[in-house]
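When a residue number appears, it is its place in the shown sequence, counting from 1.
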Amino acid sequence: MKVNGIYTINNEVEFEELASHIGQAVWIHGSIYKIRKMKGFSFVLLRTKRNVVQCIASEQIEIPCEESCASILANVVKEERSKTGWELHIEEINIISTPKEISPIVINQKKVDTSIENLLDYRPITLRNEKERAIFKIQEGICRGFREFLYAEGFTEIHTPKIVQSGAEGGANIFSLNYFGQEAYLAQSPQFYKQMMVGVYERVFEIGPVFRAEKHDTSRHLNEYTSVDFEMGYINSFVEIMEMETAMLQHTMNYLLENYSMELECLNLQLPQIESIPAISFREAKIKVAEAYNREINDWEDFEPEEEKLLYEIIYKETGSEFVFVTHYPSKKRPFYAMDSRENSNVTESFDLLFRGLEITTGGQRIHTYEEQVAKMQAKGMHTELFESYLMMHKYGMPPHGGLGLGLERFTCKLLGYENVRYTTLFPRDINRLLP
Ligand code: AMO
């Protein structure tokens with residue numbers, strides 16, 4: 001519609017509505033994704049919110065250059081040979097805006113054919129590629145699936161501070177900042193706050209950014225990532241956390257199948273079957289890998305990334321599962337809030353979930369009594385007076401509880417079959433990257 005000679009966006013139909021307009025003329029807007037000139041007519045691919053719509057333009061129609069934003073008046077014509085059952089014949093194109101320059105990177109092919117550096121340097125543009133944007137639509141679907149599941153299970157969604165006074169996970173990988181003259185940090189995880197909120201709502205979850213000052217440049221480490229955390233009270237064992245995660249993943253795979261089939265097809269993706277997920281203790285897993293591959297065990301306290309991959313191969317061969325829970329990690333390597341096993345205090349009531357050979361989740365049962373928590377902190381050489389506000393919940397009463405944290409980018413990466421977590425991070429922050 002034009003008002004006083006100026007084009008305004010009005011009364012346009014969405015892609016999903018087009019089928020109900022067969023035989024009518026409608027306005028639809030989007031970006032001109034690709035122009036294919038044929039004899040006597042052109043195909044104009046219009047990139048709308050979620051779809052790329054093929055329109056047909058006769059010779060008389062003047063088509064603006066690619067990446068122009070346009071509103072198109074088109075007849076919706078019945079066409080049985082088309083997947084949608086209709087096609088659009090352009091009557092008129094109104095240009096809403098035109099680019100100043102043509103993109104230096106070709107974005108309208110099946111995939112963006114360039115290096116990972118270019119892909120990320122030109123992220124605002126490369127994300128417009130059909131396949132690239134499908135990745136993050138799937139990531140949206142993962143979060144929606146998780147949310148839908150957790151709401152149904154009685155979890156309350158919370159939003160906790162990202163500027164904090166102390167680290168929650170220990171270690172040196174924490175960013176510090178000057179907070180009005182006081183030393184503060186960027187949250188490594190919502191650990192303390194989600195535990196506190198168990199005392200309030202019993203079951204809570206958060207999907208939010210966390211910050212890790214990792215100095216190493218690997219395919220699985222980011223300096224800012226999205227953590228999916230949940231925490232639940234009144235548990236008997238950390239096994240309940242693993243069961244909840246299994247059900248959450250099953251629900252989410254079904255949710256993706258039902259609501260994101262277009263993106264799954266675009267990415268040529270088969271989702272993994274998740275039935276029951278096998279579990280193996282850390283010690284058993286170490287021995288199993290060492291024996292199967294004739295390797296020496298150099299580190300009894302942690303996995304080497306290679307061992308995680310080998311364990312995946314063994315478990316996959318034995319059970320067909322692409323997921324495996326590894327339980328009872330050594331106390332020395334787990335943070336101070338992890339509950340030690342009653343049977344063996346050298347190991348914790350905790351687990352990691354490995355998916356296709358990569359750790360995607362850490363979780364477990366937490367210490368909930370004041371005396372036990374203080375004793376463990378002291379044994380680890382921590383100054384408990386610095387953690388008074390955290391210990392307040394223990395002091396004034398907490399139920400037995402536990403939870404987990406899942407790295408969203410890592411999970412998406414493995415689900416979509418990428419080797420580097422940066423591919424499934426919208427705007428990655430790593431040791432060399434702060435832009436775009
Ligand atoms: P953890 O530190 O193991 O546990 O982190 C949980 C999960 O977060 C992901 N992750 C990362 N992803 C990308 N880049 C990184 N640098 C990175 N570091 C971790 C992984 C990992 O499994 N508070 C506990 C969780 C809990 O017990 O509830 C925690 O944060 O997928």
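Between H89 and E91, the side chains place no donor N or O within less than 3.5 Å of an acceptor N or O (distance only, hydrogens not considered). Side chains of Q139 and T412: a donor on one and an acceptor on the other come within 3.5 Å. No side-chain donor-acceptor contact under 3.5 Å links Q54 and Y33. Y151 and E157 are linked by a side-chain donor-acceptor pair at a separation below 3.5 angstrom, with hydrogens and angles left out of the test. T319 and K317 share no side-chain donor-acceptor pair at under 3.5 Å. Q165 and Y179 share no donor-acceptor pair across their side chains, judged by distance under 3.5 Å alone.
M232 places a side-chain heavy atom less than 4.5 Å from the side chain of I241. Here the side chains of P272 and L415 are in contact, with some heavy-atom distance below 4.5 Å. Contact of the V26 side chain with the E17 side chain is not registered, since no non-hydrogen atoms from C-beta on lie closer than 4.5 Å. With a 4.5 Å cut-off on side-chain heavy atoms, F323 and T246 do not count as touching. Looking only at side-chain heavy atoms (C-beta outward), F15 and K49 stay at 4.5 Å or farther from each other. Between R47 and R133 there is a side-chain heavy-atom pair separated by less than 4.5 Å. Between I107 and Y122 there is no side-chain heavy-atom pair separated by less than 4.5 Å. With contacts defined as side-chain heavy-atom distances shorter than 4.5 Å, the pair L150/M248 qualifies.
Taking 4.0 Å as the cut-off between side-chain N and carboxylate O, D299 and K286 do not count as a salt-bridged pair. Ion pairing between a basic and an acidic side chain is recognised when a charged N comes within 4.0 Å of a carboxylate O; E304 and R295 show such pairing. Between R128 and E67 there is a salt bridge, since a side-chain N of the basic residue sits under 4.0 Å from a carboxylate O of the acidic one. Between E409 and R212 there is no salt bridge, since no side-chain nitrogen of the basic residue lies less than 4.0 Å from a carboxylate oxygen of the acidic one. The residues K137 and E263 are annotated as not salt-bridged, no charged nitrogen and carboxylate oxygen being separated by less than 4.0 angstrom.
The neighbour count for N298 CG, taken as heavy atoms of other residues, nucleotides or ligands under 6.0 Å away, is above 12. Counted within 6.0 Å of NZ on K162, heavy atoms from surrounding residues, nucleotides or ligands total more than 12; the atom is thus considered enclosed. When the shell of 6.0 Å around CG of N254 is examined, it contains more than 12 heavy atoms from other residues, nucleotides or ligands.
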- Query: Please walk me through it: do M197 and E206 pass side chain to side chain contact (heavy atoms under 4.5 Å, CB included)?
  - Reply: CA-CA 11 Å; M197 293 309 289; E206 176 166 12; over 6 Å; no
- Task: Decide yes or no on side chain to side chain contact (heavy atoms under 4.5 Å, CB included) for I315 and L354, but give the supporting numbers first.
- Result: CA-CA 11 Å; I315 298 290; L354 312 189; over 6 Å; no
- Task: Assess whether side chain to side chain contact (heavy atoms under 4.5 Å, CB included) is satisfied between Y255 and F149, documenting all intermediate values.
- Result: CA-CA 10 Å; Y255 187 84; F149 173 83; over 6 Å; no
- Message: The test is side chain to side chain contact (heavy atoms under 4.5 Å, CB included); show your working for F303 and E359 and say whether it passes.
- Response: CA-CA 10 Å; F303 273 130; E359 174 206 318; over 6 Å; no
- Query: Checking salt bridge (Lys or Arg N to Asp or Glu O under 4.0 Å) for the pair E265/K83: CA distance, chi angles, key distance, verdict?
  - Reply: CA-CA 13 Å; E265 199 181 309; K83 239 185 178 176; 3.1 Å; yes
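Side chain of R334 to main chain of F351: a donor-acceptor pair is present (N/O by atom type, distance under 3.5 Å, no hydrogens or angles). With hydrogens and angles disregarded, a donor-acceptor distance shorter than 3.5 Å links the side chain of N129 to the backbone of Q109. Without hydrogens or angle criteria, R366 side chain to G403 main chain gives a donor-acceptor distance under 3.5 Å. Counting only distance, with no hydrogens or angles, the side chain of S227 and the backbone of S189 share no donor-acceptor pair below 3.5 Å. Between the K34 side chain and the I32 main chain, no donor and acceptor come within less than 3.5 Å of each other. The closest donor-acceptor contact from the side chain of R203 to the backbone of E153 lies under 3.5 Å. At least one donor-acceptor pair under 3.5 Å links the side chain of R356 to the backbone N or O of K414. When atom types are taken as modelled, the side chain of E79 and the backbone of R81 share a donor-acceptor pair closer than 3.5 angstrom. T348 contributes a side-chain N or O that, together with a main-chain N or O of Y329, makes up a donor-acceptor pair within less than 3.5 Å. Of the possible donor and acceptor atoms, one in the side chain of Q188 sits under 3.5 Å from a partner among the backbone N and O of E169.
Smallest separation of non-hydrogen atoms from L256 and L264: O-CD1, 3.7 Å. Heavy atoms only, all atoms of each residue included: P124 and F427 are closest at N-CE2, 4.4 Å. Taking both residues in full, the closest heavy atoms of T98 and S68 are given as CG2-OG, 3.5 Å, listed atom of the first, atom of the second, then distance.
Using bins of under 30°, 30° to 60° and over 60° for the plane-to-plane angle, the ring pair F411/F355 lands in the tilted bin.
To the nearest 0.5 Å, the span separating CG on L404 from CG on D229 amounts to 7.5 Å. Atom-to-atom distance recorded for E349:CD and S331:OG is 9.5 Å, nearest 0.5 angstrom. Rounding to the nearest 0.5 angstrom, the gap separating the NE2 atom in H216 from the CG atom in N223 is 9.0 Å. A distance of 9.0 Å separates CD of E231 from CD1 of I158, quoted to the nearest 0.5 Å. Separating the CG atom in L120 from the CZ atom in R422 is a distance of 8.0 Å, to the nearest 0.5 Å. Residue S103 holds its OG atom at 5.5 Å from CD1 of I125, rounded to the nearest 0.5 Å.
Here the rule is side-chain contact (heavy atoms from CB on, under 4.5 Å) with V76, and of I22, T84, I28 only I22 fits it.
Cation-pi geometry between R220 and Y225 is not met at under 6.0 angstrom from the ring centre and within 45 degrees of the axis.
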